[in-house]
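Please read the structure below before turning to the comments.
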Protein chains: 2
Amino acid sequence: MPTSHYGQPRYRLIADELRRRIEAGSIPRGSLLPPESSLTAEFNASRGTIRQAIALLRHEGIAITEHGRGTQVAAFLPGEEPPRSIDLERIHREVPADAELAAIFGINIGATLVRDEAVAREGAEVESVTRTYRRPRGGP
Amino acid sequence: MPTSHYGQPRYRLIADELRRRIEAGSIPRGSLLPPESSLTAEFNASRGTIRQAIALLRHEGIAITEHGRGTQVAAFLPGEEPPRSIDLERIHREVPADAELAAIFGINIGATLVRDEAVAREGAEVESVTRTYRRPRGGP
DNA sequence: AGAAATTTGTCCGTATGTATC
DNA sequence: AGATACATACGGACAAATTTC
């Protein structure tokens, strides 16, 4: 990626894009910015470049970075666009069967089931939670 | 030690080794990977490098990481297909939110949620139970 | 029920080498 | 040559979720 910066350095363009999302509400006030690692992936930029971009936002006072926690969008400037992006997040884990599930599967209560959970969000709001339970493959 | 580039960066080599162990079964499906601290010691690499390696496995869909818990090997590796569902049965009802769901939705424990349940059977055996929770439309 | 230990998440600072503008 | 960006790697520190005692 040789970079074709049209007059502007990359970190400035990235800062512009993040500022746009914040102003448009797609990154809600008071929420945490995606971590540097995510931004690195999304913008296909190095961490240093991302950090420069965030430093700009900090200077402008619209972001606050806390060591070990993340970068938070400032809370001021009320009301604007409702967020529309749908975010999916999947969690996979093993859970013990409760009475209801045990009855359906025909297994003992407390037996291990594999649960896949998908949380669908629109902006900050949770739209739905879908859980799929299966019996584990060849193991308790 | 910047890069000892013997063709590949270290995090990729480490990811290769972990993938090999998973496919060979020496790290079983559904089990937890050794913690980052152990891998750091074993591979004599920094934590960041280990995390990069694990991120690769996550991206490939063969590992799922949960905060505070660990990194779990997927129950099904991409490419191996779980058995297909045949019989489907749907149940719709209203249920009170337990603590976990309440936390996800950001509502009070006991608040009403709508639950759609689909039981997939293959012959007599239950293959999977899928439950989707949503907030009621305009209701309590 | 609560504290401690474990484990992952994130940020900070630094370093080296390479490629591109 | 210098500025910018990229890729990789290290170590330290604090934050937060989960498990364990």
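Reminder, nothing fancy here: chain letters follow the sequence lines and each chain counts from 1.
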Task: Side-chain N or O of Y11(B) closer than 4.0 Å to phosphate OP1/OP2 of dT8(D) - done: yes
Open item on the list: Measuring from the side chain of P9(B) (C-beta onward, heavy atoms only), which nucleotide among dC11(C), dA13(D), dT8(D) has the closest atom?
Closed with: dT8(D)
Task: Note: R131(A)-E100(B) ion pair, threshold 4.0 Å (strictly below) - done: yes
TODO: Please determine, for the side chain of P35(B), which listed nucleotide (dC11(C), dC10(D), dT8(C)) has the closest atom?
DONE: dT8(C)
- [ ] Please state how far atom CZ in F43(B) lies from atom C1' in dA9(D), giving the value in whole angstrom units.
- [x] 16 Å
TODO: Assess whether one donor atom and one acceptor atom, taken from the side chain of R12(A) and the base of dT4(D), lie less than 3.5 Å apart.
DONE: no
TODO: Would you please confirm or rule out a distance under 4.0 Å between OP1 or OP2 of dA7(D) and any side-chain N or O of Q52(B)?
DONE: no
TODO: Rounded to the nearest angstrom, tell me the gap between atom CD1 in I50(B) and atom P in dT8(D).
DONE: 15 Å
- [ ] Side-chain contact test, heavy atoms from C-beta onward, threshold under 4.5 Å: evaluate it for I62(B) versus R19(B) and give yes or no.
- [x] yes
- [ ] Please tell me if the side chains of T112(B) and V95(B) come closer than 4.5 Å, counting only heavy atoms from C-beta onward.
- [x] no
- [ ] Scan G70(B) against the nucleic acid and name what it touches under 4.0 Å (heavy atoms): base, sugar-phosphate only, or nothing.
- [x] sugar-phosphate
Task: side-chain N/O R47(B) vs dG9(C) OP1/OP2, d < 4.0 Å - done: no
Open item on the list: Check this for me: does the side-chain of R51(A) come within 3.5 Å of the base of dG13(C) through a donor and an acceptor?
Closed with: no
Contacts table for residues 37-44 of chain B: side-chain donor-acceptor under 3.5 angstrom, sequence neighbours left out:
{"residue": "T40(B)", "atom": "OG1", "partner": "E36(B)", "partner atom": "O", "Å": "2.8"}
{"residue": "E42(B)", "atom": "OE2", "partner": "R21(B)", "partner atom": "NH1", "Å": "3.3"}
{"residue": "E42(B)", "atom": "OE2", "partner": "R21(B)", "partner atom": "NH2", "Å": "2.6"}

Nucleotides 18-21 of chain D: which of its N/O atoms have a protein N/O under 3.5 Å away?
{"residue": "dT18(D)", "atom": "O4'", "partner": "G68(B)", "partner atom": "O", "Å": "3.3"}
{"residue": "dT19(D)", "atom": "OP1", "partner": "R69(B)", "partner atom": "NE", "Å": "3.3"}

Task: Length of the line joining I14(B):CD1 and dA9(D):C1', which is rounded to integer Å - done: 11 Å
Open item on the list: What's the closest nucleotide to the side chain of T49(A) if the choices are dC10(D), dA5(D), dT7(C)?
Closed with: dA5(D)
Task: Spacing between L33(B) atom CG and dT7(C) atom C1', to the nearest angstrom - done: 13 Å
TODO: Check every atom of dC6(D), dT7(C), dC10(D) against the side chain of A45(A) and return the nucleotide holding the closest atom.
DONE: dC6(D)
Open item on the list: Between I109(B) and D98(B), is there a side-chain heavy-atom distance shorter than 4.5 Å?
Closed with: no
Open item on the list: Using whole Å, what does the distance between atom C1' of nucleotide dA7(D) and atom CZ of R10(B) come to?
Closed with: 15 Å
Open item on the list: Using whole Å, what does the distance between atom P of nucleotide dT10(C) and atom CG of L39(A) come to?
Closed with: 11 Å
